[in-house]
Each structure stands twice: as structure tokens, then as C-alpha cells.
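Heads up, the thing below is written out as C-alpha cells.
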Amino acid sequence: MLTEQEQQAIAEELRHYPQPRAAVSEALKIVQRHRGWVSDESVRDIAAALSLTPDEVDSIATCYSMIFRRPVGRHVILLCDSVSCWIMGANPLQAQVGALLGIGPGETTADGRFTLLPCACLGACDRAPAMMIDDDLHVDLVPEKLGELLERYA
Amino acid sequence: MERPLTQHIRPDREPLTLREYEQVGGYQAARRALQAAPREVTEQVLKSNLRGRGGGGFLTGQKWSLVPPDDHNGPKYLVINADEMEPGTMKDRWLLEGQPHQLLEGVLLSAYAIQARVAYIFLRWDYKLAARRLQQALAEAYGQRLLGANILGTPFCLDVHVHTSAGRYMCGEETGLLNALEGRRPTPRSRPPFAVTCGLWGRPTAINNVETLCCVPHIVQRGGEWFRALSRSPDDGGTKIYGASGRLRKPGLWELPLGTTAREILMEHAGGLADGYRFRGLLPGGASTDFLVEQHLDVKLDFASVEKAGSRLGTGTMVVLDDRTCPVGLVLNLMQFFARESCGWCTPCREGLPWLARTLQALEDGLGTPADLDVLEAHVRAIRPGHTFCALAPGAMEPLGSALKYFRPDFERHVADRRCPWRAG
Ligand SMILES: Cc1cc2nc3c(=O)[nH]c(=O)nc-3n(C[C@H](O)[C@H](O)[C@H](O)COP(=O)(O)O)c2cc1C
Ligand code: SF4
Ligand code: FES
């Protein structure tokens, strides 16, 4: 069941489009914001809310890299693995995440604190390497200072 | 040197409020233009020779001229492409974060030119700060009747919506973007019909890049001829936001006359290569452009000159390859990106790109054979415009084909030495 809050937020989005279907990616993000990820049940609920079939909603959910169809940790680390960051040392950075947290791409720490996801260019290439943790952009990263940065995310 | 697009952007990118923007001349162009015929905006843009800054370089005034002026059977749309997912590109972020009102004024003027009643800003999912600032600027503009119903007391009405994406490179391809906006998967649409006559929900739609639209207030305010003369190249008007990333002393973004040479950007603005690194090549405008090398450093970075040198200006933000970075590894990185972002609609791209990525990976791992280089070459020949539904896969061939041309000995060394010469051990 979608909560009243979620339903309201989706209704708000519908006003921007002439057809309800257009709000599907927003609806997915709304649910994800409240629950951390999008379950099969949520896919069915969103489908009902927008007069779509669950398959139609899932076809959208699964094509976007920022819609999570599996649970993620409390904080999501998006490590840019595109070209400028690769040149400037994205690989050592990823190795450092592995050393500190014991996780590789796509994995979540056992305590559910962090999920590491590789992601495409974050539009901060002049300050590479870059990553986002939740909604925060971090740039000019060096592996030695990564531990300190991660400490800020409890 | 004039820098109309960025002169009022603060170093910390804290944007101007509506009032501050108006104090430096903001919305004057809109006030004047809305008193005149819509066609006059297009006329000035035609005179300015403004070409699209999203990568394709299509003449903006010409695109708008293709939108049917007398179609009143429903709304016409303006869509602002702020998806910016081309690896190596970070220019629209600067404009979105630093000067949102400039974009909104550009949207207002451009929508007026084609008589669009609704505009969607299609924003990349991770530009969170830009999203907040755009919403703030929108609220201010609606509050002062610069948007909404009867703008500035005229009959013109325009609603502007911000749509944030959820992360797919294909959403930047213009017909993929239209599908995404409609709530469908971002696969491209077959053309014709073109979006200018049959776009969003089947209605006439102009799609333009953020930087393109940010030029429009200045063109209207100071005239198309003035804008055209800002450029150093006869065929392209205006300034361009150039950028550079890689092992450089001062990577960054600069607004410069169109037609500034690669050498000037690299040596003067970016300060040259970082200590201990030497220049080997550059991708002039993002991941899907051909390498330029030493012999091209004095090429003017405008659309026509870069094409003559065998590449494309693309987004104008260059990625620099240095001598301590493996060119095969770099192309592998790009190919992995393209393979991952392929929408899977057509076979050469869906099957070909992962195969190329695996072949490049094998070379990097010391498992490559001479025949692998032929496999790479064969794909570059086969996957070309017209053989795929959209430009993603042909775009992916540009860095690969040019790397094989300019860095062939490096590829061969991977095969002969059975290892990547740049990898330790
Ligand atoms: C795969 C692909 C991705 C693209 N991504 C973007 C993008 O993120 N931003 C953009 O403005 N144009 C992008 N383009 C180009 C657009 O299709 C389109 O040409 C452009 O938005 C038109 O605006 P302009 O004429 O103002 O340049 C992309 C093209 C392709 C083929
Ligand atoms: S070229 Fe690739 S991205 Fe473009 S339509 Fe074909 S499969 Fe999709
Ligand atoms: S390549 Fe990493 S931010 Fe652009």
C-alpha cells in the first residue's frame, strides 16, 4: 500500500503532465525516497495509481540506474567510473572503498550502512575523481582521505 | 573579451536572485521581444548563426523555423535538454547552478519564438543543486509574472516544468528523451517524422541544449550580428563554453570565442599538462568524438574546422590523454560505458559494443591476438550512421577508430608483449 504521503506526492507530480503515465519515473523516485528501494509490491501499487500494468512500471523501473529494485544500505556511494575519473584514479579509489568497507561494486556492507555502486560521469570531470554519497557530491578525492569522508555518514 | 553567458556567474556559483539578475540587464530582452512578433526572435537567432551546443551543432534558428507556426490544434512544446551525461562534459552544470534565470529567460524567449505554451526542463538526476536553484528561480519568475499566464501583461502564456531523470545516457538522445518524458523507456523513435512537427505527445516540439538557450537572451538583447561577431569563425556565431579534464595543471571550464584553438585552451587556460605528464591526444567534445593529436593542436575548435580535422566539436569539453595513461585502457573505459548505456534496440549496438569491450579487455589483460585488431577495425567500419537507430553506437566508434589510427603501435604492443605496457608488474 502506498502511504497517504506517497499518494499525495504522486498526485502533485501528475499535475505536470497531460497523461498519468508520464509521472511513472517520479512515482518510482517518490517511493524510493520514502522506502529506500522499490519492491514488487510498490511496483504493483504504482501501476494501480497510474492505470498501468505492473510490467509497464517495471519496464521503466529496470531501465534506470538510479531506481533500486533491491534493498540498499543507509547510504549509497556512487563512484564515477567514466573516463576523466578513470584517468585521475577512480580504480585506486574503488580499491580503497573495498579496503575500508570490504565491499565491491553492487555490494552492501553487512551492517547495512553503505552500498557501493559504480556510475556514469557525474559532470564534475574537471575535479576528478568524483563520487556522490546520497545527495552530496564529493570531488578531488584521494584514497588516503576517503576514510575520513566516510566517517561523516553514520 | 566578452563573456555574455558567464560574466555574472560568481566564482562560488551562488546564483543571482531575480532582482540581481534584472539589475544586470536580465529579462530586458524578454520584455522587448514580447512586444514584437515571435518571428523576430527567430530572425535574430538566424542572423547569429547559433549552432546547437548539445553536440550535434544544428542551426538553432533553422530548427525553430521548421516548427509549424500555424498549428493551433493543441499545445506546442519546448524541451530543454539538461541531461548532460556525455562522459567528460560538465558545462551545463555551470550554467544551471550559476545562472538559472539566464536559462529561464532563454526558455521564455525561445518558447515565444515557436509559440510553445509548455516547456519541460529535462534535468539529469544527480544535479541536485541545480534542481533546487531552478525551482527557486521558477518560483521567483512566476511570482513576478515572467512565467505563467499573460506574461508581463501580454497574451503570451508559458508553463515551465522541471522533470528530473533517473539516470540513463539515452535520455539525452532527443527522441529517447521524448519517450522518457512520456513515461516510456528511453529508446529512440524512428525519423521521420521529426520532433519539430511530431514530438512530445505527437505535437510539434523543439528540443534544445541548455547552453544553446542561454545564448538566446544575449542574441535578442544585443542583436544577432553582434553575437555572430563574438566568434573567430565565420560560420559559427558566439562564444562557447570550453572545458578540459585529465592530467592538467588547471582543469576547468572557460567561456571563449568559438574557434579558439585546442592549443590555447590546453596551454593557456588549462595551464598545460600536469608536472611529469606529456600530451598524447584529446577527445575534443566528450566521449563520442574522434581523437585529435599533436598535429591538430592549432585547429580552431569550431564545428566546421574540427570536422575537417576528422573529428567533431561535440560538447566542446575535451578529455586529455597523457603519456602515462594507456590509450587502449581509455578506449576500453569508454566502450564499457557505451555498452552499458546501449538501449538494446538494434543489434549492432546491443551485441557489438559488449563484444568490443570484451576484445579490448582481452588486450588489456595480455590475452589479445593480432586478429583482435581486425575485429576492432571491422566494427568501426560496420557500425556507422544509418546502420543503427541512433547515434550512440556510431558515436562509440569515433574514439575507437581514431585510437586505432593514431595509437596503433600501442595496440600492437599489447599483443606482442602479452600485457598492457602501462600496468605495473
Ligand atoms: C546518445 C546521445 C546522448 C545525448 N545526450 C545529450 C545530452 O545529454 N544533452 C544534450 O543537450 N544533447 C544530447 N544529445 C544530443 C541531442 O540528441 C540533441 O541533438 C540536442 O539536445 C539538440 O539540442 P541543440 O540543437 O541545442 O544542441 C545526445 C545525443 C545522443 C545520440
Ligand atoms: S544505437 Fe544503441 S542506443 Fe541507439 S537505438 Fe541502437 S541499441 Fe539503442
Ligand atoms: S568522468 Fe567522472 S565526473 Fe565526469
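Below, read A as the first sequence line, B as the second, and so on, with proteins coming before strands; counting in each chain starts at 1. These figures come from a predicted structure and were not determined experimentally.
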Check: How far apart are the C-alpha atoms of A/Glu107 and A/Thr115, what are their side-chain angles, what is the distance that settles it, and do they pass the side-chain contact (heavy atoms from CB on, under 4.5 Å) test?
Finding: CA-CA 6 Å; A/Glu107 294 174 356; A/Thr115 296; over 6 Å; no
Note to self: Students often mix this up, so state it plainly: with edges at 30° and 60°, are the rings of A/Tyr153 and A/His138 parallel, tilted or perpendicular?
What the structure shows: perpendicular
Notebook entry, point to check: Which word best sums up how the rings of B/His161 and A/Tyr17 line up, parallel for under 30°, tilted for 30 to 60°, or perpendicular for over 60°?
Noted result: parallel
Best-contacting candidate, [options], against chain B by heavy atom pairs under 4.5 angstrom:
options: A/Cys119, A/Ser82, A/Pro20; result: A/Ser82
options: A/Thr62, A/Leu50, A/Leu78, A/Asp81; result: A/Asp81
options: A/Pro18, A/Ser25, A/Ala23; result: A/Pro18
options: A/Cys85, A/Cys63, A/Ser84; result: A/Cys63

Given that the side chain runs from C-beta out, which part of [X] has a heavy atom under 4.5 Å from chain B: side chain, backbone, both or neither?
X: A/Ala128; value: neither
X: A/Leu137; value: side chain
X: A/Met132; value: side chain
X: A/Asp136; value: neither
X: A/Leu28; value: neither

Next item on the list: Kindly indicate, with the supporting measurements, whether the criterion side-chain contact (heavy atoms from CB on, under 4.5 Å) is fulfilled by A/Leu117 and A/Phe68.
Entry: CA-CA 11 Å; A/Leu117 298 175; A/Phe68 306 141; 3.5 Å; yes
Notebook entry, point to check: Quick one: of B/Leu334, B/Thr164, B/Leu248, who has the most non-hydrogen atom pairs under 4.5 Å with chain A?
Noted result: B/Thr164
Region of [X] in contact with chain A, defined by heavy-atom distances below 4.5 Å:
X: B/Ala180; answer: both
X: B/Val118; answer: neither
X: B/Cys171; answer: side chain
X: B/Tyr127; answer: side chain
X: B/Asp126; answer: both
X: B/Arg93; answer: side chain
X: B/Gln336; answer: neither

Next item on the list: Any chance you could measure B/Thr317, atom OG1, to B/Glu84, atom CD, to the nearest 0.5 Å?
Entry: 7.0 Å
Next item on the list: Please round to the nearest 0.5 Å and tell me the distance separating atom CZ of B/Arg184 and atom CD1 of A/Ile60.
Entry: 8.5 Å
Note to self: Checking side chain to side chain contact (heavy atoms under 4.5 Å, CB included) between A/Pro143 and each of A/Leu100, A/Val97, A/Leu93, which is the one that passes?
What the structure shows: A/Leu93
Next item on the list: Can you spot which of A/Arg70, A/Lys29, A/Gln32 makes a side chain to side chain contact (heavy atoms under 4.5 Å, CB included) with A/Val38?
Entry: A/Gln32
Checklist line | Pair B/Thr325-B/Asp322, side-chain donor/acceptor within less than 3.5 Å | finding: yes
Notebook entry, point to check: Which heavy atom in B/Arg124 sits nearest to a heavy atom in A/Gly123, and how many Å separate them?
Noted result: NH1-N, 3.9 Å
Checklist line | For B/Arg185 against B/Asn179, the heavy-atom pair lying closest together | finding: O-CB, 3.4 Å
